[in-house]
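Here the structure is a predicted model, which is why all the values come from computation and not from measurement. The sequence lines fix the lettering, A, B, ..., with proteins before strands; numbering per chain opens at 1.
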Amino acid sequence: MSLLETLNPEQLAAVTLPRASALILAGAGSGKTKVLTARIAWLIQTGQVGPSGVLAVTFTNKAAKEMLTRISAMLPINTRSMWVGTFHGLCNRMLRAHWKEAGLPQAFQILDTQDQLSAIKRMYKVLGIDAEKFPPKQLAHFVGAAKEQGLRPKDVDAYDEYHRMMVRLYEAYEMQCQREGVVDFSELLLRSFELLGANPALRAHYQARFKYILVDEFQDTNALQYNWLKRLAGEQGCIFAVGDDDQSIYAFRGARVANMAQFELDFNVQNRIKLEQNYRSVGNVLTAANALISNNKSRLGKELWTQAGEGEPIRVYEATSDQDEAAFVIERIKKLVLEEGFSRSDIAVLYRSNAQSRVIEQGLFNAGIAYRVYGGLRFFERAEIKHALAYLRLLDNADDDNSFSRVVNFPVRGIGSRTIEQLQDTATAQGTSLFRAIVGMQGRSQASLQKFADLIDRMRFETRGMPLPELVDKVIHDSGLIAHFEKDKDGEDRVENLKELVNAAASFSVSEGYYQDTPATMLDEEKLTTPLADFLSHASLEAGDNAAAAGQDAVQLMTVHSAKGLEFHCVFVTGLEEGLFPHENSLSTSVSGSDGGAVDGVEEERRLMYVAITRAREQLYLSHAQQRMLHGQIRYHLRSRFLDELPENVLKWLTPKRAHIASQGWSGLDNQIGWGAQSIHGNRAALSYTSKAPRPYPIGTGVNHARFGDGVVVAYEGEGEEQRIQINFGAQGMKWLMLSLAKLTKS
DNA sequence: GCGTTAGTTATTTTT
DNA sequence: TAACTAACGC
């Protein structure tokens, strides 16, 4: 069978496994998606299951789309009845089909993170809660964490006054969502989970239907996602889980690598297959990656190998400053493009945190090299788009107070905060939505509110039965949004974006509507969604591309996190400094995690570094800077421990490797740079600039301390016996020591 | 209601 | 540094 011909033995074994649960440990670049899609194709082609018996779940829409595309290329089947999507997308699909049983209105809306926050703030106003004492973000986090544990307010144990309050607020928030007919992201999962739990017939139906369940990026599943899968699969279920514990980098948002081991127990997994042959990178890159990750203790164990040659050595550069680092990267990029024939888009510059992109961007801009930064606002998150969506939502569900509040006075129609307050009071008193409370208002404010209500009602009436793109077009005009931004002198882009929304609706209409025409079973038939409802779900669940628009062939700039799953011919990993990468905030979290599971912060940072390294196909550049501007201050950092964990024989130092960071090679000039900048910014060190106290170790030099080890001198203060010295000891942290007492040696 | 200003804060991110 | 938020004043 041609389908199987291009597979290596391990891939083949995975693809053709008999019907039983299996864990596939798929290393970076080992053909994970290929295995996943070939497995589905093989199952269908050999008649073991029909398309409607397959459910495949991913984390991102991009991955889901990719999977569908590949399956369609392999098999001439209609994929509509197959459930392929994100956890949230599939849960939404289920809830739309069974909204009644799930206790939701048919036109329930989905709150994204922004919406959730404004919902909480609105609730605070009504209840008179102090946002200083209970930050909305904290409540959102609390609610999310509880839902991930499968806990409703009544199930949450509160130990102190603060937590008792959080539980009460969780309860109030839940009631508000229910009243307004909205669900947040975690609610989609929890509702779907509870729906399956409370409804045996439905559960049996889905368990019988989905004979084969496949999970991508299994190491990223959280507790609720895992339990949802378990419940959906049932006793006889068959889950094909693909993941890589070494690429688990989302513990901070609830991912539990431990689910992999738990899965093997819960599902009595007899088949664990490792995919270790790498088809992406040259040997040196893999040697470096393997060596680095071997420093992690908690691993399932796996080592990448390749048939490709060693390739070039990994180049390492020690820059004097962040500026210098950027200059190095840009010089190298020029060389790669002009002399070595790479496209700009073959090149990626990776960093640990977004703030680091600025210096690189400036450098690229000045050099006239096209670049593209990932990680900004996405299309459906833009304010003007949110406004348009709010109008659209009100057509579908007038009780959506979030949307109502967003646009009741936008564009301005003389409805001030005073009026809104009165309306809110009326609504609260009557226990209804803002929209419904309008009729109970008095006087002038009633009139202006009624005009708004009439506008919504009229748009709803006039767009009935209209094709989606036309509907959207009508709403952005009739709402006054277009006119408003046309008047605004910097509203051009916003008008453009609103028109783009019409295009988005048009392309959505042709590509989607997947579950309208093909009810796979009797139970699915209840669902009758409208194109508008589907489009609104789509807008909430798929916020769109987050890359800044730029020239076609552009250098790619992104965080290491967003680089996961991608590959580039040439990769620069920048900012390899203690405190940045590994990030200082990760050093303290040795044991945490919402479920109490052990989560080692540094181990996760190391996995992140592993992800960074394994993005490179041919050339890998690693760099760090002696000093860099951070939060408006110059900071000195030690070289990252991760650099020292790489085997020397695959590295080529472009600057001399120093035994200890900053031990030699500090020219007088370098010192002056550090000095000048410090005095400009007037920090503590600058105070001592004018003092005549002797400085046995100039700022920037390396010193050794018996207890704290190697560090870099950062600042001085005081004089004589009182004179203190500040040293950055990397992992040991930043310390102020009495100079007369500290036993320091030059390192 | 809107623009200004002072204060605050600072990984990582998808849905 | 710079981006964001909340509060203030017209």
Side-chain angles (χ1 to χ4, degrees), chain A residues 57-64 85-92 110-117 121 131-132 135-137 141 144 147-148 183-190 192 216-217 220-222 224-225 248-255 322 350-359 362 374-378 380-381 409-420 488 537-546 558-565 575 579-589 601 604-605 607-609 611-612 628-635 677 680-681 683:
Chain A
V57 62
T58 63
F59 276 87
T60 64
N61 292 296
K62 198 177 155 201
T86 62
F87 278 100
H88 296 84
L90 297 183
C91 287
N92 180 49
I110 300 163
L111 300 186
D112 68 14
T113 316
Q114 280 180 43
D115 300 331
Q116 187 189 26
L117 234 37
K121 287 178 187 165
E132 301 275 289
K137 275 191 188 139
H141 182 260
K147 288 184 181 178
E148 261 175 36
V183 296
D184 61 34
F185 284 136
S186 20
E187 184 69 24
L188 280 173
L189 285 157
L190 184 53
S192 171
D216 188 20
E217 304 278 20
D220 289 339
T221 50
N222 66 28
L224 181 52
Q225 288 158 343
S248 159
I249 56 173
Y250 286 116
F252 73 91
R253 65 174 199 209
D322 47 354
L350 309 183
Y351 33 80
R352 174 65 238 267
S353 61
N354 288 304
Q356 288 166 252
S357 75
R358 246 194 84 240
V359 195
Q362 269 170 3
Y374 285 72
L377 255 201
R378 300 150 69 196
F380 287 112
E381 292 167 352
N409 196 36
F410 192 95
V412 185
R413 29 178 94 83
I415 300 171
S417 52
R418 184 84 197 92
T419 304
I420 299 298
D488 190 345
S537 291
H538 168 79
S540 304
L541 293 175
E542 187 166 2
D545 200 351
N546 73 351
M558 65 190 86
T559 63
V560 181
H561 280 94
S562 20
K564 190 175 166 216
L580 253 194
F581 199 180
H583 197 278
E584 53 196 350
N585 294 356
S586 74
L587 301 179
S588 51
T589 55
E604 176 141 323
E605 294 286 302
R607 292 191 290 269
L608 195 54
M609 180 65 183
V611 168
R628 75 169 59 239
M629 189 64 92
L630 205 63
H631 307 327
Q633 281 203 319
I634 293 201
R635 297 249 313 219
I680 287 166
H681 294 288
N683 57 18

Query raised in the report: Which of these nucleotides, dT12(B), dT15(B), dC2(B), is closest to any side-chain atom of Arg378(A)?
Result: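 In terms of side-chain proximity for Arg378(A), the closest of dT12(B), dT15(B), dC2(B) is dT15(B).
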Query raised in the report: Nearest of dT13(B), dT12(B), dT15(B) to any side-chain atom of Thr60(A)?
Result: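 The closest nucleotide is dT15(B).
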When all nucleic acid strands are considered with a 4.0 Å heavy-atom cut-off, which category describes [X]: base, sugar-phosphate, or nothing?
| X | result |
| --- | --- |
| Glu187(A) | nothing |
| Val412(A) | sugar-phosphate |
| Phe185(A) | base |

For nucleotides 3-7 of chain B, print each protein N/O atom paired with a nucleotide N/O atom at under 3.5 Å, atom names and distance only.
none

Is any side-chain nitrogen or oxygen of [X] closer than 4.0 Å to OP1 or OP2 of [N]?
| X | N | answer |
| --- | --- | --- |
| Thr559(A) | dT13(B) | yes |
| Asn354(A) | dT12(B) | yes |
| Ser353(A) | dA10(B) | no |

Query raised in the report: Does a donor on one side chain sit under 3.5 Å from an acceptor on the other, for Thr113(A) and Gln116(A)?
Result: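 Their side chains do not contain a donor-acceptor pair, so the 3.5 Å distance test is not met.
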Query - Nearest-nucleotide 5' precedence on DNA chain B, Ser417(A) against Tyr250(A) - result: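 It is Ser417(A), whose closest nucleotide lies nearer the 5' terminus.
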Query raised in the report: Knowing that exactly one of Leu111(A), Leu190(A), Asn92(A), Ile110(A) qualifies, which makes a side-chain contact (heavy atoms from CB on, under 4.5 Å) with Val183(A)?
Result: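 The side-chain contact (heavy atoms from CB on, under 4.5 Å) with Val183(A) is passed solely by Ile110(A) among Leu111(A), Leu190(A), Asn92(A), Ile110(A).
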Report task. Answer yes or no: side-chain N or O of Ser186(A) and base N or O of dT15(B) forming a donor-acceptor pair under 3.5 Å. Result ->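 Answer is no: no donor-acceptor pair is held.
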